[in-house]
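Take a look at the structure set out below.
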Amino acid sequence: MMCLMQNKYNEQIGAVLAIAGGIGWGVSGAVGQYLFTVEHMDSHWLVPVRLGLAGILLVLFSLNQYKGLTLRPLKNAEDRRDLLIYGIAGISCCQYFYFRTIQLSSAAIGTILQDLSPIFILLVTSVLEHRKPHRLEILAVFTALLGVILLSTHGDFTHLKIPAAALLTGVLSAVCVTIYNVYPKRLLRTYPILILQGWAFLMGSVLFAFLFQAWRYYVPVTSAGMLGIFIVVLVGNILAFTCYMQGVKLIGPKKGILYGFSEPLSAALLTVLWFHQPFHFYDILGFLLVFAGIVLISMAPEQKDDSD
């Protein structure tokens with residue numbers, strides 16, 4: 001009886017943490033939209049700054065918490081290779097494409113397109129595990145794609161209602177989420193997630209700062225702008241990720257994905273209330289179809305993973 005009560009308690013706590021993590025990401029996305037539209041920042045400047053500040057904080061925390069283990073991924077050649085793929089192609093590029101999508105469209109669109117990642121994860125794992133997708137998973141793919149089509153066209157298939165560039169960067173952000181979920185299994189078994197996140201953020205910050213020549217951007221940072229940067233770093237990068245991953249640890253990834261849908265819902269709500277952007281029938285229907293696709297994936301039977 002005590003064991004059942006403990007499991008139920010863990011599920012409740014895990015659900016709350018996963019929802020809190022999703023809301024944190026949604027708030028961060030909405031604040032990012034504010035920084036782009038009101039404070040006139042550019043994603044090519046904001047992303048390196050955001051990654052750099054979050055990376056410094058996490059690495060310092062890891063050095064205090066994990067001591068010498070924090071530096072170990074940099075000393076082993078195989079770890080360095082995996083960390084580069086995980087940190088650059090996965091974590092950091094996801095951050096860039098996500099915020100670029102928000103700048104080109106809105107926080108609501110950026111989050112819902114990024115939440116296509118379970119579809120890509122399904123396709124990749126099916127190939128890697130040499131198995132055919134379950135019929136529920138196939139239905140989930142078509143349902144989610146239909147949702148994106150309705151979001152993009154509003155039923156008028158001759159015109160895009162979302163800028164083509166935003167649609168591309170949004171889908172790319174979902175692809176990057178897939179990379180950092182599927183690729184680094186060995187790395188994630190070896191090191192605490194906070195260590196990996198810290199180095200991933202720092203590497204991305206350095207890369208994008210030089211790639212975009214971030215120092216060339218003139219950014220008149222106001223007190224509101226500084227507060228916004230603080231929110232996207234602390235709430236969006238550190239607290240949201242920590243809450244969500246701890247929630248997933250307690251309830252599992254499938255339920256975590258469902259509760260993580262609080263991200264696009266909170267971003268959409270803030271977009272409507274804060275920026276007074278209208279939400280049309282096709283927007284609501286598109287969101288519901290993407291969510292339905294994620295639900296269908298969570299309902300599909302578990303597949304054995306023989307890769308470990």
Side-chain angles (χ1 to χ4, degrees), residues 21-22 24-29 31-32 35 41-67 69-75 79-103 110-111 114 117 169 172-184 187-188 190-215 217 219 226 228-246 248 263:
W25 280 323
V27 169
S28 175
V31 172
L35 294 177
M41 295 183 187
D42 192 285
S43 56
H44 292 145
W45 178 87
L46 179 60
V47 170
V49 170
R50 179 190 192 223
L51 289 173
L53 291 174
I56 290 170
L57 289 173
L58 285 179
V59 168
L60 289 176
F61 175 83
S62 297
L63 284 169
N64 180 67
Q65 184 75 16
Y66 303 110
K67 310 303 180 187
L69 183 63
T70 304
L71 300 176
R72 193 178 300 170
L74 306 180
K75 298 177 180 179
D79 288 344
R80 285 198 303 270
R81 181 203 65 197
D82 289 350
L83 187 59
L84 280 171
I85 296 173
Y86 169 80
I88 299 297
I91 296 291
S92 297
C93 282
C94 170
Q95 298 280 308
Y96 166 68
F97 287 128
Y98 173 62
F99 269 85
R100 189 63 180 167
T101 305
I102 293 173
Q103 184 177 3
T111 53
Q114 183 177 263
S117 56
T169 54
L172 286 174
S173 71
V175 172
C176 293
V177 172
T178 304
I179 292 173
Y180 76 69
N181 272 275
V182 173
Y183 178 79
L187 205 60
L188 290 170
T190 307
Y191 299 101
I193 188 66
L194 291 180
I195 292 177
L196 301 177
Q197 286 293 109
W199 289 122
F201 290 151
L202 274 183
M203 290 188 301
S205 175
V206 172
L207 172 66
F208 290 140
F210 282 97
L211 184 63
F212 301 138
Q213 297 184 329
W215 56 86
Y217 289 86
V219 181
M226 292 178 65
I229 293 172
F230 174 80
I231 291 173
V232 298
V233 170
L234 183 64
V235 176
N237 272 38
I238 298 175
L239 295 180
F241 190 89
T242 303
C243 285
Y244 180 77
M245 291 307 296
Q246 185 61 35
V248 168
E263 177 187 1

Nearest non-hydrogen partners of [X] and [Y], listed with the distance:
{"X": "C176", "Y": "A89", "answer": "SG-O, 3.3 Å"}
{"X": "A209", "Y": "W215", "answer": "O-CZ3, 3.2 Å"}
{"X": "L35", "Y": "I229", "answer": "CD1-N, 4.1 Å"}
{"X": "S28", "Y": "F99", "answer": "OG-CZ, 4.0 Å"}
{"X": "G52", "Y": "L202", "answer": "O-CD2, 3.9 Å"}
{"X": "I195", "Y": "P73", "answer": "CG2-CG, 4.1 Å"}

Validation row: [X], [Y] side chains within 4.5 angstrom (heavy atoms):
{"X": "Q114", "Y": "T101", "answer": "no"}
{"X": "Y98", "Y": "T111", "answer": "yes"}
{"X": "D42", "Y": "R100", "answer": "yes"}
{"X": "L74", "Y": "L83", "answer": "yes"}
{"X": "L194", "Y": "Q65", "answer": "no"}
{"X": "R72", "Y": "T190", "answer": "no"}
{"X": "F208", "Y": "Q95", "answer": "no"}
{"X": "L84", "Y": "W199", "answer": "no"}

Can you tell me how far the [atom1] atom of [X] sits from the [atom2] atom of [Y], to the nearest 0.5 Å?
{"X": "N237", "Y": "W25", "atom1": "CG", "atom2": "CH2", "value": "10.0 Å"}
{"X": "I85", "Y": "I179", "atom1": "CD1", "atom2": "CD1", "value": "9.0 Å"}
{"X": "L69", "Y": "L63", "atom1": "CG", "atom2": "CG", "value": "10.5 Å"}
{"X": "F201", "Y": "L57", "atom1": "CZ", "atom2": "CG", "value": "10.5 Å"}
{"X": "I88", "Y": "Y180", "atom1": "CD1", "atom2": "OH", "value": "14.5 Å"}
{"X": "M203", "Y": "R80", "atom1": "CE", "atom2": "CZ", "value": "11.5 Å"}

Are Y86 and Y191 an aromatic pair by the rule of ring centers under 6.0 Å?
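No; Y191 has its ring centre 6.0 Å or more from that of Y86.
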Taking the six-membered ring for Trp, are F61 and Y66 parallel (under 30°), tilted (30 to 60°) or perpendicular (over 60°)?
perpendicular
Determine yes or no for a side-chain-to-main-chain donor-acceptor pair under 3.5 angstrom, with [X] supplying the side chain and [Y] the backbone.
{"X": "S92", "Y": "A200", "answer": "yes"}
{"X": "S62", "Y": "L58", "answer": "yes"}
{"X": "R50", "Y": "V232", "answer": "yes"}

Enumerate the side-chain hydrogen bond (donor to acceptor under 3.5 Å, both in side chains) contacts for residues 200-214, please, sequence neighbours excluded, ordered by first and then second residue.
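Those involving residues 200-214 are Q213-R216.
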Count the heavy atoms of every other residue, nucleotide or ligand shown that sit under 6.0 Å from CZ of F210, and state whether that count exceeds 12.
no
